[in-house]
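Some notes on the structure that comes next.
Proteins come first, then strands; the chains are lettered A, B, ... in the order of their sequence lines, and each starts at number 1.
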There are 2 protein chains.
Amino acid sequence: MNLRDLRYLLAVAEHGHFGRAAEACGISQPTLSVQLRKLEELLGVVLFERGSKTVTPTAACERLIGHVRTAVAEADTILGLARSLRDPLAGRFRLGIIPTLAPYLLPLVFAPLREAFAALEVEPWEDQTAVLLERLRTHDLDAALLATDVDGPDLASRPLFAEPFLAALPPEHPLAERQAVAEADLAEDILVLADGHCLRDQALAACGRSGALSRTMRATSLSTLLNMVAAGYGTTLIPGLAAGAAQDAGIILRPLSTRAGRTVRIAWRASFPRRAAVEAVGEVIAGRLRGFAEGAAAGAI
Amino acid sequence: MNLRDLRYLLAVAEHGHFGRAAEACGISQPTLSVQLRKLEELLGVVLFERGSKTVTPTAACERLIGHVRTAVAEADTILGLARSLRDPLAGRFRLGIIPTLAPYLLPLVFAPLREAFAALEVEPWEDQTAVLLERLRTHDLDAALLATDVDGPDLASRPLFAEPFLAALPPEHPLAERQAVAEADLAEDILVLADGHCLRDQALAACGRSGALSRTMRATSLSTLLNMVAAGYGTTLIPGLAAGAAQDAGIILRPLSTRAGRTVRIAWRASFPRRAAVEAVGEVIAGRLRGFAEGAAAGAI
DNA sequence: TGCCATGATAGTGACTGTCTATCAGTCTAG
DNA sequence: CTAGACTGATAGACAGTCACTATCATGGCA
């Protein structure tokens, strides 16, 4: 059974006239006659009584026509709804973001995203890298902003911007005298984030530390880490976008002599169909952060 | 858009697997892939994200799938309902019957009809010939039992049985002496039904009267007419099936010397599609009344 | 009785749904 | 780490079906 034939049926019922119904359907009268007869044969029921001047629905047709109307209406709803869903830059876009990035990046990019794609409802989801990748693979996220490379053939990614690390020092720290700090110098009394934060591993790697730390205090958030540094518990490396928050906390920032940093990327499933949305969101973020690396390094003196 | 493709969509959503969905639909996997891709192109929306091991509905698909289910369910309802409507010997059958026949015929044929076609709901409608023909033409009746010929190319009819007229006499009437009565003898003090009853014209014609009657009393029903005859107001002709009722009223019945009578026919629109129901109902009635004419004539002595 | 209106039929061409055969990519196991 | 299995996509061939034009059959009307 074909939806087209059901539409023909409705047209004949409405017009009570094969010729006019055919015209309304944009087909020829013979086509309508043939198709309707086929439908009648398929259903095993005569749908219309053809009089010499009138075409009247049979009792069987009266019983069926309500369901026919519903089916056709649903089909039209599907078509209309699909049309409204057609724009990949519209609808929900679930974007994962790592915790050391979210609080500092989102304020910068929310407004531009909203401006550029009014119909795109960006829903941020803050979690650590491993969780984000898992949720990406289970279709619970559409894309994720990470500071690590992603591997596996099921995921793809693209770099958005480079974010330099900065040395974060307590106000009275001896290293604050210098214009730039060597990472190895920080290793002595460095504070790091809790397990699972990519920034933890990156900071340790930058300082040449393997992993085992004497310090037992590990901050669960970058905000806490900043407070700890400001209180004189030690030093740390922070990502450039957190510079403002660090300075607000009374922390002294110095560029690193090696210009170490991390690259923020957007990652997505290779099979994700709304590729355009990913590209668009990535482009807005990259555009907003263009030239940020140099500015951040220069500003932290 | 095709209902078939919507079914394919549901199958893929249910199985999450093209091969198994294709098997469930009874088609090959390539066919399913091609058709689903076409549907996606038609809708302008990607419906499934094809992973290496998984097939997952997209957000757009989730939005659409409810309507798809409804449309397909309605289509199935139409097919199922049509199947149950397929039997022409089932459902309502609106049967018009003239008033001089209905009270005497229906008690005879209702049980046989019900027995023969349990699913056929025969709805009798009692009215005069002209009204029945009108209602037949306006599709308010499916068939009609008449005692006249029908003409016009839009109507068809078939004789069911012959019904002899009988002379109906008051108990003390002089004609009651005879074995058979000549119609002309009745003309003197004949009583007839009101205008519009075919029996009125037929009775008058049988008696050789043109139309203008001296009598002003005209019965509106055969039952009333019988009461009038029984009360001695005059004589009349009655159809054979009313013999029982007439005798119950104390009326003397005599066969007519000319064996005049009427033929009861079933009439229907030539275009009426449930021809089988008409034939079946007609055959049951004719069968029930087979041999009635002779019996009635013989019994009225 | 001839003309108009209406739906049915015949014959034909184009499209489309389906098949089999095959490919490309990913995952798994020895 | 490579061979094989699994999954969906693609290619080419064929058949069924939908659509058209031309024409017919019938009934109503002037």
Side-chain angles (χ1 to χ4, degrees), chain A residues 1-9 11-43 46-58 61 137 150-156 269-273, chain B residues 1-9 11-43 46-58 61 136-138 150-156 269-273:
Chain A
M1 190 169 56
N2 199 316
L3 274 168
R4 190 196 307 121
D5 297 338
L6 296 184
R7 290 183 197 278
Y8 295 168
L9 188 164
V12 174
E14 182 183 349
H15 291 91
H17 189 285
F18 275 70
R20 281 191 285 278
E23 193 182 1
C25 294
I27 59 173
S28 68
Q29 171 266 314
T31 299
L32 183 62
S33 283
V34 169
Q35 289 308 108
L36 203 60
R37 181 164 297 280
K38 282 187 186 172
L39 180 61
E40 287 179 328
E41 272 163 28
L42 172 76
L43 295 178
V46 177
L47 294 167
F48 294 97
E49 188 176 330
R50 284 83 158 167
S52 59
K53 281 287 179 185
T54 58
V55 174
T56 315
T58 61
C61 183
R137 289 194 163 98
V150 299
D151 59 348
D154 56 337
L155 295 182
R269 287 186 303 284
S271 58
F272 184 58
Chain B
M1 191 170 57
N2 199 316
L3 274 169
R4 191 196 308 122
D5 298 339
L6 296 184
R7 290 183 198 277
Y8 295 168
L9 188 164
V12 173
E14 182 184 346
H15 292 90
H17 188 287
F18 275 71
R20 281 191 285 276
E23 193 181 0
C25 293
I27 58 172
S28 69
Q29 170 266 314
T31 299
L32 183 61
S33 283
V34 169
Q35 289 308 106
L36 203 60
R37 181 164 298 280
K38 281 187 186 171
L39 180 61
E40 288 179 327
E41 272 163 28
L42 172 76
L43 296 177
V46 177
L47 294 167
F48 294 97
E49 186 176 330
R50 284 85 158 164
S52 60
K53 281 285 177 184
T54 59
V55 174
T56 316
T58 60
C61 182
L136 207 48
R137 289 195 162 97
T138 56
V150 298
D151 60 348
D154 57 336
L155 295 182
R269 290 186 301 284
S271 58
F272 184 58

Side-chain N,O ([X]) to OP1/OP2 ([N]) below 4.0 Å:
{"X": "A:Thr31", "N": "D:dC18", "value": "no"}
{"X": "B:Arg37", "N": "D:dG8", "value": "no"}
{"X": "B:His17", "N": "D:dG8", "value": "yes"}
{"X": "A:Arg50", "N": "C:dA8", "value": "yes"}

Return the value, rounded to whole Å, for the distance between atom [atom1] of [X] and atom [atom2] of [N].
{"X": "A:Glu41", "N": "D:dC18", "atom1": "CD", "atom2": "P", "value": "12 Å"}
{"X": "B:Arg4", "N": "D:dG16", "atom1": "CZ", "atom2": "C1'", "value": "11 Å"}
{"X": "B:Gln35", "N": "D:dT10", "atom1": "CD", "atom2": "C1'", "value": "14 Å"}
{"X": "A:Leu39", "N": "D:dC18", "atom1": "CG", "atom2": "C1'", "value": "14 Å"}
{"X": "B:Lys38", "N": "D:dA9", "atom1": "NZ", "atom2": "P", "value": "14 Å"}
{"X": "B:Arg20", "N": "D:dT7", "atom1": "CZ", "atom2": "P", "value": "6 Å"}
{"X": "B:Asn2", "N": "C:dC15", "atom1": "CG", "atom2": "P", "value": "18 Å"}
{"X": "B:Tyr8", "N": "C:dT18", "atom1": "OH", "atom2": "C1'", "value": "8 Å"}

Nearest-nucleotide pick for [X], side chain only, options being [options]:
{"X": "B:Val34", "options": "D:dT7, C:dT18, D:dA9", "answer": "C:dT18"}
{"X": "A:Ile27", "options": "D:dC20, C:dT18, D:dA9", "answer": "D:dC20"}
{"X": "A:Ser28", "options": "D:dT21, C:dC19, D:dG8", "answer": "D:dT21"}

Measuring from atom [atom1] of [X] to atom [atom2] of [Y], what distance do you get when rounded to the nearest 0.5 angstrom?
{"X": "A:Arg4", "Y": "A:Thr31", "atom1": "CZ", "atom2": "OG1", "value": "10.5 Å"}
{"X": "A:Gln35", "Y": "A:Asn2", "atom1": "CD", "atom2": "CG", "value": "8.0 Å"}
{"X": "A:Arg7", "Y": "A:Leu32", "atom1": "CZ", "atom2": "CG", "value": "14.0 Å"}

Exercise for review: Tell me what A:Phe48 touches on the nucleic acid: a base, only sugar-phosphate, or nothing, going by heavy atoms under 4.0 Å.
Suggested key: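 The answer is nothing, as A:Phe48 stays clear of every strand by at least 4.0 Å.
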
Exercise for review: For A:Gly51, report the nucleic acid contact type (base, sugar-phosphate, nothing); a contact means any heavy atom under 4.0 Å.
Suggested key: nothing

Exercise for review: Before giving the answer on side chain to side chain donor-acceptor pair (under 3.5 Å), spell out for B:Glu49 and A:Ser271 the whole-Å C-alpha distance, their side-chain angles and the decisive distance to 0.1 Å.
Suggested key: CA-CA 6 Å; B:Glu49 186 176 330; A:Ser271 58; 2.8 Å; yes

Review point. Is it true that a side-chain atom of A:Glu40 and a backbone atom of A:Leu47 form a donor plus acceptor pair closer than 3.5 Å?
Key: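 Checked: pair present.
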
Check your understanding: For the side chain of B:Arg269 and the backbone of B:Leu136, is there at least one donor-acceptor N/O pair under 3.5 Å apart?
Key -> yes

Study note, to complete from the structure: Of A:Asp5 and B:Val55, the one whose nearest nucleotide on DNA chain D sits closer to the 5' end is B:Val55

Practice item. At under 4.0 Å between heavy atoms, which parts of nucleotides 22-30 of chain D does protein reach? Answer with one letter per nucleotide, 5' to 3': B base, S sugar-phosphate only, - none. Key: B----SS--

In a table with atom names and distances, give each donor-acceptor pair under 3.5 Å that connects a side chain of residues 14-21 of chain A to protein atoms at least two apart or in another chain.
residue : atom : partner : partner atom : Å
A:His15 : ND1  : A:Ala11 : O            : 3.0
A:His17 : ND1  : A:Gly19 : N            : 3.1
A:His17 : ND1  : A:Arg20 : N            : 3.0

Review point. Does the side chain of A:Leu36 come within less than 4.5 Å of A:Phe48's, by heavy atoms?
Key: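 Yes, close enough: below the 4.5 Å cut-off.
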
